[in-house]
Amino acid sequence: MTNSLSLRFEKAIHFITKHFPVSVEATRKPRIFHVIRVGVYLYDHNYSEDIVLGGLLHDTIEWSRATKEIVKDEFGDKVLKLVLANTKDDSISDKYEKTVELIQRCVRNGQDALIIKTADILDSFKWYSDQNNQSELKYCVRNANAILKFKPDNFNDKIFDELKIWQQRFSDLSE
């Protein structure tokens with residue numbers, strides 16, 4: 001990867017630590033560690049700079065005090081678009097409807113947005129399987145099912161194959 005991406009990655013980590021609240025024991029998963037793992041996964045798998053930064057910042061609007069304007073000013077329109085595509089709509093109360101709306105929004109925003117959501121769910125699968133958290137693994141399966149159902153055939157990336165393996169591994173948890 002480029003020195004430019006490395007510097008922007010570091011800038012994003014500083015941004016996250018400035019804006020995210022500190023996780024506590026009751027937190028489902030340590031927030032900052034989660035977004036860093038997602039960003040590192042995308043970085044290590046040679047995704048574009050916008051995808052890597054979008055992955056690193058994907059929970060910024062949901063979990064932090066940062067606004068859309070702040071994200072746009074710091075990282076640009078494309079990264080903001082990817083972050084917003086991956087931001088849950090908390091006005092939707094039904095968990096299935098909320099998942100479908102989020103995945104369909106990622107699809108409408110393009111393969112890059114869906115790659116970020118998939119990296120997010122892969123990290124959640126790994127974290128919650130290590131924690132043996134069955135209810136959160138059900139959440140992961142619900143998201144994986146929606147991603148694989150709504151993913152257009154022309155979205156061909158190896159990350160979707162990896163997701164399929166995790167989905168099958170926990171298919172007995174489908175809701």
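Note that these values count all heavy atoms, side chains included, but never hydrogens, waters or copies made by symmetry. The shown structure was predicted, so the numbers you read here are calculated from the model rather than taken from an experiment.
Remark: the backbone N or O of V100 is not paired with any side-chain donor or acceptor of R105 at under 3.5 angstrom. Under a 3.5 Å cut-off, the side chain of T99 and the backbone N or O of N143 do not form any donor-acceptor pair. E101 contributes no side-chain N or O that, together with a main-chain N or O of I92, makes up a donor-acceptor pair within less than 3.5 Å. Counting only distance, with no hydrogens or angles, the side chain of R65 and the backbone of K18 share a donor-acceptor pair below 3.5 Å.
Classification of the H34-W63 ring pair by plane angle, with boundaries at 30° and 60°, yields tilted. Between F170 and W166, the angle of the ring planes stays under 30°, which puts this pair in the parallel group of the 30/60° scheme.
In this structure the side chain of F160 reaches within 4.5 angstrom of the side chain of I115, judged on heavy atoms. Residues F125 and V141 meet the side-chain proximity criterion, which asks for heavy atoms closer than 4.5 Å. Residues F15 and S64 form no side-chain contact, since every pair of their non-hydrogen atoms from C-beta on lies 4.5 Å or further apart. In this structure, the side chains of L57 and V35 stay at 4.5 Å or more apart for every pair of heavy atoms. Annotation: side chain of N133 is not in contact with side chain of W127 (no heavy-atom distance under 4.5 Å). A 4.5 Å side-chain heavy-atom check between E49 and S4 finds at least one atom pair inside the cut-off. Side chains of L53 and K78 form no contact here, defined as non-hydrogen atoms less than 4.5 Å apart.
Taking every heavy atom of both residues into account, F155 and Q111 meet most closely at CA-OE1, 2.8 Å. Of all heavy-atom pairs spanning L42 and A119, the tightest one is CD2-CB, 3.8 Å. The shortest heavy-atom contact between L56 and A12 is CD2-CB, 3.3 Å. Nearest approach of G55 to V38, heavy atoms of both residues: O-CG1, 3.6 Å. Closest non-hydrogen pair, S23 versus R31, comes out as OG-N, 2.9 Å.
A cation-pi contact links R37 to F33, judged by a cut-off of 6.0 Å to the six-membered ring centre and 45° from its axis. Annotation: cation-pi pair R142/Y96 present, NZ/CZ under 6.0 Å from the ring centroid and within 45° of its normal.
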Begin with the C-alpha distance, continue with both residues' side-chain angles, and end with the deciding distance and a verdict on side chain to side chain contact (heavy atoms under 4.5 Å, CB included) for K68 and I61.
CA-CA 7 Å; K68 295 183 272 190; I61 303 299; 4.1 Å; yes
Could you walk me through whether F20 and T60 pass side chain to side chain contact (heavy atoms under 4.5 Å, CB included), step by step?
CA-CA 7 Å; F20 273 56; T60 300; 3.8 Å; yes
I'd like to know whether S6 forms a side-chain hydrogen bond (donor to acceptor under 3.5 Å, both in side chains) with Y43, so could you lay out the CA-CA distance, the side-chain angles of the two residues, the decisive distance to 0.1 Å, and finally the verdict.
CA-CA 9 Å; S6 297; Y43 181 96; 3.1 Å; yes
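Residues V52 and F75 share a single hydrophobic cluster, defined by chaining ILVMFWY side chains whose heavy atoms lie under 4.5 Å apart. Connection of V107 to L102 is not established within any shared hydrophobic cluster, with ILVMFWY side chains joined at heavy-atom distances below 4.5 Å, either directly or through further cluster members. Cluster annotation: I159 is connected to L148 through the hydrophobic network of ILVMFWY side chains, with a link wherever side-chain heavy atoms come within less than 4.5 Å.
The pair K72-D77 meets the salt-bridge criterion, since a charged nitrogen lies less than 4.0 angstrom from a carboxylate oxygen. Between K29 and D123 there is no salt bridge, since no side-chain nitrogen of the basic residue lies less than 4.0 Å from a carboxylate oxygen of the acidic one.
Taken to the nearest 0.5 Å, the CD1 atom of I147 stands 7.5 Å off from the SG atom of C106. Residue L114 holds its CG atom at 10.5 Å from CG of N109, rounded to the nearest 0.5 Å. Here the straight-line distance linking atom CD1 of I13 with atom CZ of R8 works out to 13.5 Å at 0.5 Å rounding. Between the NZ atom in K95 and the NZ atom in K98 there is a gap of 11.5 Å [rounded to 0.5 Å].
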Side-chain donor/acceptor pairs under 3.5 Å, residues 79-87, sequence neighbours excluded:
unit_1, atom_1, unit_2, atom_2, d
N86, OD1, K117, N, 3.2
N86, ND2, L82, O, 3.0
N86, ND2, A113, O, 3.3
T87, OG1, V83, O, 2.7

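Side chains of D120 and T118: no donor on one and acceptor on the other come within 3.5 Å. Between the side chains of D50 and S48, no donor N or O sits under 3.5 Å from an acceptor N or O.
Pairs passing the salt bridge (Lys or Arg N to Asp or Glu O under 4.0 Å) check and including a residue from residues 144-170, sequence neighbours excluded, read K126-E162.
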